[in-house]
Number of protein chains: 2
Amino acid sequence: MTILATDVLRRTPLFASLPEDDLRWAASVAVPRRYGKREAIFREGDAVEGFYVVASGKVKVFKLSEEGKEQVLHVLGPGQSFAEAALFEGGAYPAYAETLAQTETFLIQKRPFLDMLERRPKVAIRMLGSLSRWLRQMTGLVEDLSLRDVEARLLLFLSGELQDRGIPLKDGATLELPFSKNVLASRLGTVPETFSRALKKLQEDGRIDVRGKRIRIVSAASLMAGKATAGPNRRTGTAEPGRR
Amino acid sequence: MTILATDVLRRTPLFASLPEDDLRWAASVAVPRRYGKREAIFREGDAVEGFYVVASGKVKVFKLSEEGKEQVLHVLGPGQSFAEAALFEGGAYPAYAETLAQTETFLIQKRPFLDMLERRPKVAIRMLGSLSRWLRQMTGLVEDLSLRDVEARLLLFLSGELQDRGIPLKDGATLELPFSKNVLASRLGTVPETFSRALKKLQEDGRIDVRGKRIRIVSAASLMAGKATAGPNRRTGTAEPGRR
DNA sequence: CGGTCGATTGAGAAACCTCAACGAGGGTGG
DNA sequence: CCACCCTCGTTGAGGTTTCTCAATCGACCG
C-alpha cells in the first residue's frame, strides 16, 4: 500500500500547517521511494538529488572511517527529514544514509524545492529552524565525544530519550531502546564491547536495570549526578572562560 | 578608530552584494562592540541577543566540560560571522565565545534581523548557506573526533589550511599556524601535551618541519597517505554500508 | 538444525590524558 | 636596564579509558 505524500509532509516541522496548495505543490515534487532493510539511500560523495522525508521505517545517517568504523550522526523515524543541508552546500552528500528496516521515503528534489524557497519565504525560515536544530545536535555530539566518557554519554542519551517521550525522570521510569545496541554504540561514538560494559556497570552500580532493550531507571537521582560523588574541579589554567 | 559597519558586512558571505539600501539597513541595526584580549562575548546559557560579525581580531567558539576542559568548535577572523543558528533555536547560546585578541564585532540584533528575513528571501537563502556550511564543519569535526587519531586530525588540519589559502600542497610549502598551539590543540580535540607530541612525531618521521608557528611541508605525498603505508581494512561486520 | 546476527565477556594493547617539571620568550615594574 | 613574572610550549612518567581481538551464547530464520 502506498502512503500519501501530503499526509507525511503535513507531519514534518518543515511543511506543517502550510497552505493546502503549497503542500500539494510540495507533494507533487516528492518522489516516493521504498527500500529494504539495510539498504543504502545514498553514500558519501554521491551527487545530491534532494533531501528526504521518512514516511515509514528507520534510517541511520553516518560517517565512515577508512578502516570501516562508523559514527552514527542521527537515526530518523517517520516524519523526520534529513540531508536538507546538502541542498545548499556543494554537490555531494557529506555522509552515508542507510535503512535500518524496511523504509519508505519521499525524496524532495533539489531544483524544484530551491525554486519554491524563493517564492515562499516562510518555508525558507522553517528550513532555517531545521538546520539550526541539526546544528545544535551536532555541536552536542561534538561536546559528547570530546568532553565526556562513554558512561556519561550513555546517561545523557537515556535521560534525553525519556525527555523526548515526555516520560518524567524518576525512579521506576522505563524506556525501550529505539534501535539496536550496536547502532546505539555507534551513535555514542564507541564500539559494541565498550557500550555493553558501560551498560553493565550502570546496572551493577544500581542505577539502571537492563532487560534486553528495556531499561528501567532505578535511581533517577544518580542519573543526573556527574559521577555519583564527583570531586571538585581539577584543571584551572586556560580553562576558565571570560576571565578578563 | 571606528570601523564602518557597511564595509564589514559587505565582506561577509551573508550580506555581500546585497542592494545598497538593504546593506545600509542591516548596518543600521548592527551594534558595534569592542573587546579586550581574552574577554567573553557570551557564555553558554546566556540569552540570545543576536549573532555576531567579526570586524577585526579573533574569536574562539567553544564548549566547556564540567571539569573545565574545552573543545574549540571554531576560530573566527574578520569578515566571519558566528552564532547565527542561535537566532532560530531556543533563547540561549549553546556555547561560549571569547576573544583571542583585541576584537571588534558587530552584533546583529535578533528581532530586527528576523523581521528583515521575512521581507528579504534572498538573505534567508544566504543564511541557509551559512548554516549548511557550519553544519558540514561540525559533522566533519564529529568525524574527526570519532574516527581519526590526533595525528590524522593534525594532518587533515594542515592540508585544509593550505587549501584555504590557495597554497598548493607540495614539498616545501609553508604555512603559519593561525592561532596558538594550545588553541589548536583544543580545536583538534586534544590537550597541548598530546598535540605537541603529535607535531614532534610528524617532524621525526620527516613529514613536516616545525619552527615555532611556521610549518614546512617536507613530504607532501606522505601527508595525504593515511599512515605512511596503511594495511588493508580490518573490521567488516556491520561496517560496510549499503550491502543489502 | 545449521547459520547468521546481535550481544556479551575476557585479556591485552594502544591511544590518550594527567601530573609535574622545566625552558624560552615577552611584557612589566622597579 | 634588569629582574621578575606569566604564558606558552615541551618533555617525561605513569595511569586511565577505550579499542582490538577472540571466543561464546542466545535468538531468530530459513
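Fair warning: this is a prediction, and the values are worked out from it, not measured in the lab. So that the names make sense, note that chain A is the first sequence line, chain B the second, and so on, each numbered from 1.
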From [options], nucleotide with atom closest to [X] side chain:
{"X": "K69(A)", "options": "dC19(D), dG9(D), dA15(C)", "answer": "dC19(D)"}
{"X": "E193(B)", "options": "dT11(D), dA22(D), dC17(C)", "answer": "dT11(D)"}
{"X": "R153(B)", "options": "dT8(C), dC16(C), dG9(D)", "answer": "dC16(C)"}
{"X": "S180(A)", "options": "dT18(D), dG6(C), dT11(D)", "answer": "dG6(C)"}
{"X": "P192(A)", "options": "dA15(C), dT8(C), dT18(D)", "answer": "dT8(C)"}
{"X": "R38(B)", "options": "dC8(D), dC19(D), dT9(C)", "answer": "dC8(D)"}
{"X": "T190(B)", "options": "dT18(D), dC16(C), dT11(D)", "answer": "dC16(C)"}

In this structure, how many angstroms lie between the [atom2] atom of [N] and the [atom1] atom of [X], rounded?
{"X": "K213(A)", "N": "dT8(C)", "atom1": "NZ", "atom2": "P", "result": "12 Å"}
{"X": "N182(A)", "N": "dT8(C)", "atom1": "CG", "atom2": "P", "result": "9 Å"}
{"X": "L199(B)", "N": "dC8(D)", "atom1": "CG", "atom2": "C1'", "result": "14 Å"}
{"X": "R211(A)", "N": "dT8(C)", "atom1": "CZ", "atom2": "P", "result": "14 Å"}
{"X": "K200(B)", "N": "dG23(C)", "atom1": "NZ", "atom2": "P", "result": "15 Å"}
{"X": "F195(A)", "N": "dG6(C)", "atom1": "CZ", "atom2": "P", "result": "14 Å"}
{"X": "K37(A)", "N": "dC5(C)", "atom1": "NZ", "atom2": "P", "result": "10 Å"}
{"X": "F179(B)", "N": "dG9(D)", "atom1": "CZ", "atom2": "P", "result": "12 Å"}

Name all pairs fulfilling the side-chain hydrogen bond (donor to acceptor under 3.5 Å, both in side chains) condition that reach into residues 157-166 of chain A, sequence neighbours left out, sorted by first residue then second.
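Those involving residues 157-166 of chain A are E161(A)-R165(A).
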
Tell me, which pairs form a side-chain hydrogen bond (donor to acceptor under 3.5 Å, both in side chains) where one or both residues lie in residues 46-58 of chain A, sequence neighbours left out?
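Sorted pair list: R33(A)-E49(A), R33(A)-Y52(A), S56(A)-E104(A).
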
Does a side-chain N or O of T194(A) approach OP1 or OP2 of dC19(D) to a distance below 4.0 Å, or not?
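Yes, within the criterion.
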
Are D7(B) and R11(B) ion-paired here, with the side-chain N under 4.0 Å from a carboxylate O?
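Looking at R11(B) together with D7(B), the answer is no, because their closest N to O distance does not fall below 4.0 Å.
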
Closest approach of G189(B) and Q71(B), non-hydrogen atoms and distance?
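In this case the closest contact between G189(B) and Q71(B) is CA-OE1, 3.0 Å.
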
Atom CD of Q102(A) with >12 non-hydrogen neighbours under 6.0 angstrom
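Check fails, neighbour count at 12 or below.
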
All N/O pairs under 3.5 Å across the protein-nucleotides 13-15 of chain D interface:
unit_1	atom_1	unit_2	atom_2	d
dA13(D)	N6	R197(B)	NH2	3.3

Mind checking G212(B) for me? I need base, sugar-phosphate or nothing, with any heavy atom below 4.0 Å counting as a touch.
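Nothing: the residue G212(B), judged by heavy atoms under 4.0 Å, touches no strand.
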
With sequence neighbours excluded, residues passing salt bridge (Lys or Arg N to Asp or Glu O under 4.0 Å) with K213(A):
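For K213(A), no residue satisfies salt bridge (Lys or Arg N to Asp or Glu O under 4.0 Å) once neighbours in sequence are set aside.
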
So which pairs with a foot in residues 134-153 of chain B pass ring-ring contact (aromatic ring centres under 6.0 Å, His included), sequence neighbours left out?
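Sorted pair list: H74(B)-W134(B).
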
Looking at residues at least two apart in the chain, or sitting in another chain, which of them share a side-chain contact (heavy atoms from CB on, under 4.5 Å) with K170(A)?
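Here the qualifying residues are P168(A).
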
Please list, chain by chain and in numerical order, all residues satisfying side-chain contact (heavy atoms from CB on, under 4.5 Å) with S132(A), sequence neighbours excluded.
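Checked S132(A) against side-chain contact (heavy atoms from CB on, under 4.5 Å); matches are A85(B), F88(B), E89(B), L131(B).
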
What residues form a ring-ring contact (aromatic ring centres under 6.0 Å, His included) with Y93(A), not counting sequence neighbours?
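Checked Y93(A) against ring-ring contact (aromatic ring centres under 6.0 Å, His included); matches are F42(A).
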
What's the angle between the local helix axes at either end of the helix from dC1(C)-dG30(D) to dG30(C)-dC1(D), using five pairs per end and rounding to 10 degrees?
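The end axes of the helix from dC1(C)-dG30(D) to dG30(C)-dC1(D) are about 30° apart, to the nearest 10°.
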
